Amino acid sequence: MLAKTKAKNITTAIANPFAKLFIKLGISADLITFIGTLGVSIVSINFFAQGKFLLGVILFTFFVGFDALDGTMARMIGKKSKWGAFFDSVMDRVADGVVLASFAIYYLEKNNFLLVVICLIALIASEIVSYTKARAEGLGLSCDTGLAERPERVLLIMAGSFLAGLGYLAAIDIAMWTLAIISIVTVIQRMNFVHKQTK
């Protein structure tokens with residue numbers, strides 16, 4: 001928890017000056033959310049799917065940064081809304097799906113069908129991780145638990161892609177396996193956590 005708090009504080013400190021700039025320019029938080037999702041999707045399809053990991057992860061990191069900006073902007077202008085939270089969540093699911101589908105395409109072109117399946121498992125499990133929390137909260141239950149939330153999954157993809165870009169291609173294989181496993185574990189943890197609350 002402490003590590004998460006520190007990471008959040010660092011991210012906020014970095015995001016603040018950019019958020020202030022975009023607010024002065026009259027750019028909305030929703031537009032920043034959309035740009036981030038569009039950028040991540042384009043980078044994934046044009047770089048990750050083609051095995052261009054080093055440049056891909058640099059651009060990916062840039063656009064992922066927009067994910068921290070939209071919330072910061074909304075807080076600064078006092079316009080945190082249900083629509084903004086909903087739109088942000090939907091765009092996150094789109095981005096996650098495109099990223100992992102792009103890695104599946106990369107392995108498909110390499111004729112590595114096992115890792116194609118692993119990527120698809122990671123994609124489905126990641127989406128369910130997010131859905132379990134949304135559905136539980138929609139029922140008035142808590143679901144703030146689990147091994148791998150979205151920030152951890154994104155960092156894993158970034159680390160694997162960066163090392164693969166440096167020539168350690170096995171790193172992205174390990175990242176995909178790890179992502180699939182920890183996502184499944186998180187789904188099980190969350191289902192068990194919610195089940196206990198319903199008893």
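Everything numeric here is computed off the predicted structure, so don't read it as measured data.
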Gap separating the SG atom of C119 from the CD1 atom of I172, nearest 0.5 angstrom: 8.0 Å
Donor-acceptor pair, side chain of Q189 and main chain of T145, under 3.5 angstrom: no
Set of residues satisfying side-chain contact (heavy atoms from CB on, under 4.5 Å) with respect to L120, sequence neighbours excluded: A104, V116
Pairs flagged by salt bridge (charged side-chain N to carboxylate O under 4.0 Å, His left out) wherever residues 81-93 is involved - sequence neighbours left out: D92-R150, R93-D96
For F193, all residues meeting ring-ring contact (aromatic ring centres under 6.0 Å, His included), sequence neighbours excluded: none
Under 3.5 Å, which donor-acceptor pairs link side chains of residues 121-129 to any protein atom two or more places apart or in another chain?
from	atom 1	to	atom 2	distance (Å)
S126	OG	A122	O	2.7
S126	OG	S183	OG	3.4

Pairs involving residues 100-139, ordered by first then second residue, that meet ring pair (Phe, Tyr, Trp, His ring centres under 6.0 Å) (sequence neighbours left out): F48-F103, F53-Y106
Pairs where residues 103-120 contributes a residue and the test salt bridge (charged side-chain N to carboxylate O under 4.0 Å, His left out) is met, not counting sequence neighbours: none
Nearest atoms (heavy-atom pairs only) where N46 meets K52: O-CD, 4.2 Å
Note, I58 side chain near F162 side chain (heavy atom, < 4.5 Å): no
Cluster link V90 to M73, ILVMFWY, side chain under 4.5 Å: no
Residue list, salt bridge (charged side-chain N to carboxylate O under 4.0 Å, His left out) with R135, at least two apart or on another chain: none
With Y168 via ring-ring contact (aromatic ring centres under 6.0 Å, His included) - residues at least two apart: none
Pairwise salt bridge (charged side-chain N to carboxylate O under 4.0 Å, His left out) hits with a residue in residues 171-191, at least two apart: E149-R190
Other residues, nucleotides, ligands: >12 heavy atoms within 6.0 Å of M191 CE: no
Cluster check L147, W177: I/L/V/M/F/W/Y, side chain < 4.5 angstrom: yes
Atom pair OG/NZ of S89 and K133 - distance to nearest 0.5 Å: 9.0 Å
same_hphob_cluster(L69, F86) at 4.5 Å side-chain heavy-atom cutoff: no
Results of side-chain contact (heavy atoms from CB on, under 4.5 Å) for I188 - residues two or more places apart only: I184
Same cluster (ILVMFWY, side-chain, under 4.5 Å), V99 and I105: no
Side-chain touch I157/M176, heavy atoms, less than 4.5 angstrom: yes
Transitive ILVMFWY side-chain link L166 to F60, under 4.5 Å: yes
Residue pair L156 / I182, side-chain heavy-atom distance below 4.5 Å: yes
L179 and L100, any side-chain heavy atoms less than 4.5 Å apart: yes
Identify every side-chain donor-acceptor pair in residues 25-43 under 3.5 Å, counting partners at least two apart or on other chains, and give the distances.
from	atom 1	to	atom 2	distance (Å)
S28	OG	L31	N	3.1
D30	OD2	W83	NE1	2.9
T33	OG1	A29	O	3.0
T33	OG1	D70	OD2	2.6
T37	OG1	T33	O	3.1
S41	OG	T37	O	2.8

Test item: T186 side-chain N/O and A148 main-chain N/O as donor-acceptor pair under 3.5 Å: yes
Side-chain donor/acceptor of T198 to backbone N/O of H195, under 3.5 Å: yes
Linked hydrophobic residues, V194 as query - side chain contacts closer than 4.5 Å: L139, L141
